[in-house]
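One structure below.
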Amino acid sequence: MIDQDLQAYAGLLVSSIIAEKYRFKPLGCSVSDRGLACDFDTGGIYPSVNELQNLLGVIDGGGSVTCEIREDEYLQSLGRPKVCIHKNIEIPLEGELNPRPVKKIYIHVINVSAHNPGPNISLLRVNMAAFDSRERLEEYLKWLEEAEKRDHRILGRKLDLFSFHEEAGAGLVLYHPKGQVIREELIKLAREINDSLGYKEVYTPHVYRSLLWRISGHLSHYKDKMILANIEGDEYGVKPMNCPGHILIYKSLPRSYRDLPLKLSEFGTVYRWEKRGELYGLLRVRGFTQDDGHAFLREDQVKDEVKAILEKLLWMLSLFGFKGDDIKVSLSTRPEEYIGTIDAWDKATEALKLALEEIGLKYDVKEGEGAFYGPKIDVDFRDSLGRWWQCGTIQVDFNLPERFNMVYTDEKGRERRPVMVHRALLGSVERFMAIIIENFSGRLPTWLSPVQIVIIPVSRNLEDKAVELAKMFKEKDIRTEVFSGSSSLGKRVREAYSQAIPYIVVIGEKEAEAGMITVRARGNREARMVKPEQFLELLLEEIKDRKLNQSAIESLLDLQ
RNA sequence: GCCGCCGUAGCUCAGCCGGUAGAGCGCCGCCCUGGUAAGGCGGAGGCCCCGGGUUCAAACCCCGGCGGCGGCUCCA
């Protein structure tokens, strides 16, 4: 959708115009799949989006911030420029260009922001997207609109899932009953996987003495993100991570090589004091729940553990439709600053590589991008709007076993240090939830839907019948609601659709007489005169298998 | 944290140059007793984010907070 060369041309034009008008020094432009960003050294002056729109062209009648820039002669003679000199202003340009004639460029100014890479440098960044036709521009504006409709913050309110409150504090989520259903379903899934991998679930405190955080190193490396309190002369800190707690459990008993691997998991809610401007809906909060787990292993056990986790992680993502080209796996290796021995790093990295290769996964190696305490594997996936996300992670850790002086006794009675693997499948339940809400536009698969079916009696005297039907579904743990009341049938159907309910069961005189129901699903699909028991059975199967599609309605339609 | 923008009914928003507030949807009630994506009529609902200042008078102007949005940096 975003044309790289075109963006680069637009960068030249915009840079020259802004530089000339404000006497800003252009610092270069960069082009990404999200559009174009041009930086300027401004000396502390910041024009508004409005000012720039006015400067760059005519504002569209429809309220969109678009403008047209006409081709300039100097552009034609550029060749493959790295730097453009226009009216004595030097404009460096990143990336390669394939020049070609451009008649008009349509630019959408997204935003103007400041960027402070250092204490004495303040630069202005103008974010834009450029198009070669009005149609493309309008397409893009529509995509923006579509993305906004899927915004989990908006859907979260509309579907009554969660809320934030000024008096509660920024970045702190309150889950409503329906949001909690989704949360619980995600946790249930992760719990099943953890069980199958041999993880034993634990529960640990939310607050520890700072002594613990000193041992773990958080107090020196992570202090500015921690919530600390002095109570009766002793300092306590709210946990930003679950690992120290799990390590204490490991250390509560002497461990032998026979005890390993020891695997502990926890749905632990952690708190990290993120900076104000970093908060963003459920995607970036100050309190969140991790589907955390730690495996304490002998060195020779790392590969098999990582392999098992990876396989389950990929399976889990496929449940949501993330698979194939929409998955990207990467291995991050030893950075310049690291702890532990090179030998240990090499062994661990080799184990991760082998795990990846034995599964037959393609992966990128990110040289030097590992954490200081160990190498890691990240699994990224792409959602239905084409955005990449990283949730699942598997990290080897040499640091904490050392800091906590963790040991086990090997077969010869010697003390050995275990290797620790941190892993999460969903990552943060909150973030994962936000991603799938946007991915599915709120229309979650049936197993995840807070309300799975709504029963609508056509007339009031069928309300008892509807309640009776609801009872049958509820007894099988189908999340069911009855939409009765004085509003019209059409309105209640509409309401059910706008609440993203997967199945609408309609019961009228005709159905009641025959002991049948009408089943309506997403995409305006409807099966009339269906036996309730038959639908129930198909629905149970759809939910049990965590199907991505609405297999129940599809089977019913196939049968008709 | 930094830069810009914003905060009016449950939600989305209007309210001009200062004269103490409006719409649509939703909610509640009544009517309609219904056949598939908004049936009709009526009603209630507002510390105009908070605190201070200017003014005869502030939703509107100024200052400070809090919260939200778009970016930057960082991250699950």
Side-chain angles (χ1 to χ4, degrees), chain A residues 34-35 37 39 42 44-52 109-119 121-128 144 148 151 153-154 157-158 160 163-172 222 224-225 240-242 268 270 272-292 371 378 389-393 395 422 424-435 456-463 484-499 504-511 518-520 522 524 526 528:
Chain A
R34 300 176 63 191
D39 290 345
T42 68
I45 302 157
Y46 298 100
S48 68
V49 174
N50 256 326
E51 271 179 75
L52 287 171
V109 179
I110 298 163
N111 139 288
V112 178
S113 61
H115 179 200
N116 302 292
I121 315 160
S122 73
L123 57 93
L124 173 83
R125 175 164 293 173
V126 183
N127 293 78
M128 292 161 282
L144 280 183
E148 195 187 320
D151 191 319
R153 295 165 300 183
I154 294 169
R157 185 194 294 283
K158 190 178 155 206
D160 191 19
S163 55
F164 292 93
H165 299 265
E166 192 171 331
E167 51 279 56
L172 299 166
Y222 216 77
D224 56 336
K225 282 199 174 182
M241 292 186 193
N242 299 303
V270 295
R272 300 178 185 176
W273 209 250
E274 305 294 349
K275 286 181 258 168
R276 261 302 265 109
E278 291 173 337
L279 303 173
Y280 184 88
L282 287 185
L283 287 170
R284 196 74 187 273
V285 289
R286 282 178 173 159
F288 60 98
T289 303
Q290 293 178 311
D291 64 323
D292 212 350
D378 290 320
W389 301 97
Q390 191 240 301
C391 288
T393 180
Q395 307 184 352
H422 307 247
L425 307 164
L426 301 165
S428 136
V429 180
E430 286 61 22
R431 179 175 284 184
F432 199 85
M433 189 166 146
I435 293 167
I456 302 183
V458 171
S459 69
R460 273 223 163 130
N461 45 30
L462 288 165
E463 269 175 32
S484 51
S486 58
S487 52
S488 68
L489 178 63
K491 190 161 180 175
R492 283 176 284 156
V493 169
R494 187 189 150 87
E495 174 66 10
Y497 270 117
S498 74
Q499 288 297 307
I504 301 167
V505 169
V506 180
I507 176 149
E509 289 296 343
K510 273 180 269 173
E511 286 89 346
T518 288
V519 179
R520 197 171 235 287
R522 290 166 180 159
N524 228 12
E526 184 177 78
R528 288 183 189 244

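Small disclaimer: the values here were computed from a predicted structure and weren't measured. In the text below, chain A, chain B and the rest are named by the order of the sequence lines, each starting its count at 1.
- Between A:Tyr222 atom OH and B:rC75 atom P there is a gap of 9 Å when expressed in whole angstrom units.
- For the pair A:Lys491 and B:rG40, the criterion of a side-chain N or O lying under 4.0 Å from OP1 or OP2 is not met.
- Distance noted for atom C1' between B:rC2 and B:rC74: 13 Å (whole Å).
- Against the 90° criterion about 0, the sugar-base torsion of B:rC17 places it in the syn range.
- With both ends at atom P, the span from B:rG22 to B:rG15 equals 15 Å, rounded to whole Å.
- For B:rC69, the OP1/OP2 oxygens have a side-chain nitrogen or oxygen of A:Arg153 closer than 4.0 Å.
- Using a 4.0 Å heavy-atom criterion, one finds that A:Asn524 contacts the bases of the nucleic acid, with or without backbone contacts as well.
- Taking atom CD of residue A:Gln395 and atom C1' of nucleotide B:rC75, one finds them 12 Å apart after rounding to whole Å.
- A:Val285 comes within contact range of at least one nucleobase, with a heavy-atom separation under 4.0 Å.
- Nucleotide B:rC2 has B:rG71 as its partner under the Watson-Crick or G-U criteria, with both atom distances under 3.5 Å.
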- Message: The test is salt bridge (Lys or Arg N to Asp or Glu O under 4.0 Å); show your working for A:Arg276 and A:Glu278 and say whether it passes.
- Response: CA-CA 5 Å; A:Arg276 261 302 265 109; A:Glu278 291 173 337; over 6 Å; no
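- Within the 4.0 angstrom heavy-atom criterion, base atoms lie near A:Lys275.
- Across all strands, A:Lys510 comes closer than 4.0 Å to base atoms (heavy-atom distances).
- Looking only at distances, no side-chain donor or acceptor of A:Arg431 sits under 3.5 Å from a matching main-chain atom of A:Leu282.
- Remark: the A:Glu526 side chain and the A:Thr518 side chain contain no N/O donor-acceptor pair separated by less than 3.5 Å.
- If you measure from atom CD1 of A:Ile456 to atom P of B:rA38, you get 12 Å, rounded to the nearest angstrom.
- With the nearest nucleotide of RNA chain B identified for both A:Ala170 and A:Glu274, A:Ala170 has the one nearer the 5' end.
- At a threshold of 4.5 Å between non-hydrogen side-chain atoms, the residues A:Trp273 and A:Arg286 count as touching.
- Within the structure, every side-chain polar atom (N or O) of A:Arg272 is placed at least 4.0 Å from both OP1 and OP2 of B:rC74.
- The nearest whole Å value for the distance from the CG atom in A:Leu279 to the C1' atom in B:rC2 is 14 Å.
- Nucleic acid contact for A:Gln390: sugar-phosphate only, since backbone atoms but no base atoms lie under 4.0 Å from a heavy atom of the residue.
- In the model, A:Arg153 has a side-chain atom that pairs as donor or acceptor with a side-chain atom of A:Tyr280 under 3.5 Å.
- Comparing the same atom, C1', in B:rA38 and in B:rC75 gives a spacing of 44 Å after rounding to whole Å.
- Residue A:Leu489 contributes atom CG, which lies 8 Å from atom P of B:rA37 at whole-angstrom precision.
- Taking atom C1' on both B:rA14 and B:rA23, the two are 7 Å apart, rounded to the nearest angstrom.
- Between A:Ser428 and the phosphate of B:rA76, there is no side-chain N or O to OP1/OP2 separation shorter than 4.0 Å.
- Contacts of A:Thr518 with the nucleic acid, taken as non-hydrogen atoms under 4.0 Å apart, include base atoms.
- Taking the side chain as every heavy atom from C-beta outward, A:Glu274 and A:Val285 never approach each other to under 4.5 Å.
- When the P atom is used for both B:rG10 and B:rC27, the distance is 14 Å, rounded to whole Å.
- Using Watson-Crick or G-U wobble geometry with both donor-acceptor distances under 3.5 Å, B:rG24 finds its partner in B:rC11.
- Across the strands present, B:rG51 finds its partner in B:rC63; the criterion is a Watson-Crick or G-U wobble pair with both atom distances under 3.5 angstrom.
- A:Glu430 comes within 4.0 angstrom of no nucleic acid atom, judged by non-hydrogen atoms across all strands.
- Separating the C1' atom of B:rU20 from that of B:rU12 is a span of 25 Å, rounded to the nearest Å.
- B:rC75 atom C1' lies 13 Å from atom CG of A:Asp224, rounded to whole Å.
- Considering only the side chain of A:Gln290, B:rA76 comes nearest among B:rA76, B:rG35, B:rG70.
- Note: CH2 (A:Trp273) to C1' (B:rC75) measures 16 Å, nearest angstrom.
- Which of B:rG39, B:rU36, B:rA76 sits closest to the side chain of A:Phe288 comes down to B:rA76.
- Taking the side chain of A:Arg284 as heavy atoms from C-beta on, and the options B:rC74, B:rG67, B:rA37, the nearest nucleotide is B:rC74.
- Nucleotide B:rC16 forms a pair with no other nucleotide shown, judged by Watson-Crick or G-U wobble geometry with both contacts under 3.5 Å.
- Within the 4.0 angstrom heavy-atom criterion, base atoms lie near A:Gly508.
- Looking at heavy-atom distances under 4.0 Å, A:Arg157 makes contact with sugar-phosphate atoms alone, never a base.
- Closest contact between the side chain of A:Ser459 and the listed nucleotides B:rG34, B:rC74, B:rC75 involves B:rG34.
- B:rC41: Watson-Crick or G-U partner is B:rG29, with both key distances under 3.5 Å.
- B:rG43 and B:rG35 have their C1' atoms separated by 31 Å, with the value rounded to a whole Å.
- The side chain of A:Arg276 approaches B:rG1 more closely than any other nucleotide in the set B:rG1, B:rA37, B:rU36.
- As rounded to the nearest Å, B:rC28 and B:rC49 have C1' atoms that lie 27 Å from one another.
- Of the candidate nucleotides B:rC11, B:rU73, B:rG70, B:rG70 has the atom lying nearest to any side-chain atom of A:Tyr280.
- The side chain of A:Ser488 sits closest to B:rG39 out of B:rC75, B:rU33, B:rG39.
- In the set B:rG26, B:rG68, B:rU36, B:rU36 carries the atom at the smallest distance from any side-chain atom of A:Glu511.
- The CD1 atom of A:Ile504 sits 10 Å away from the P atom of B:rA37 (whole-angstrom rounding).
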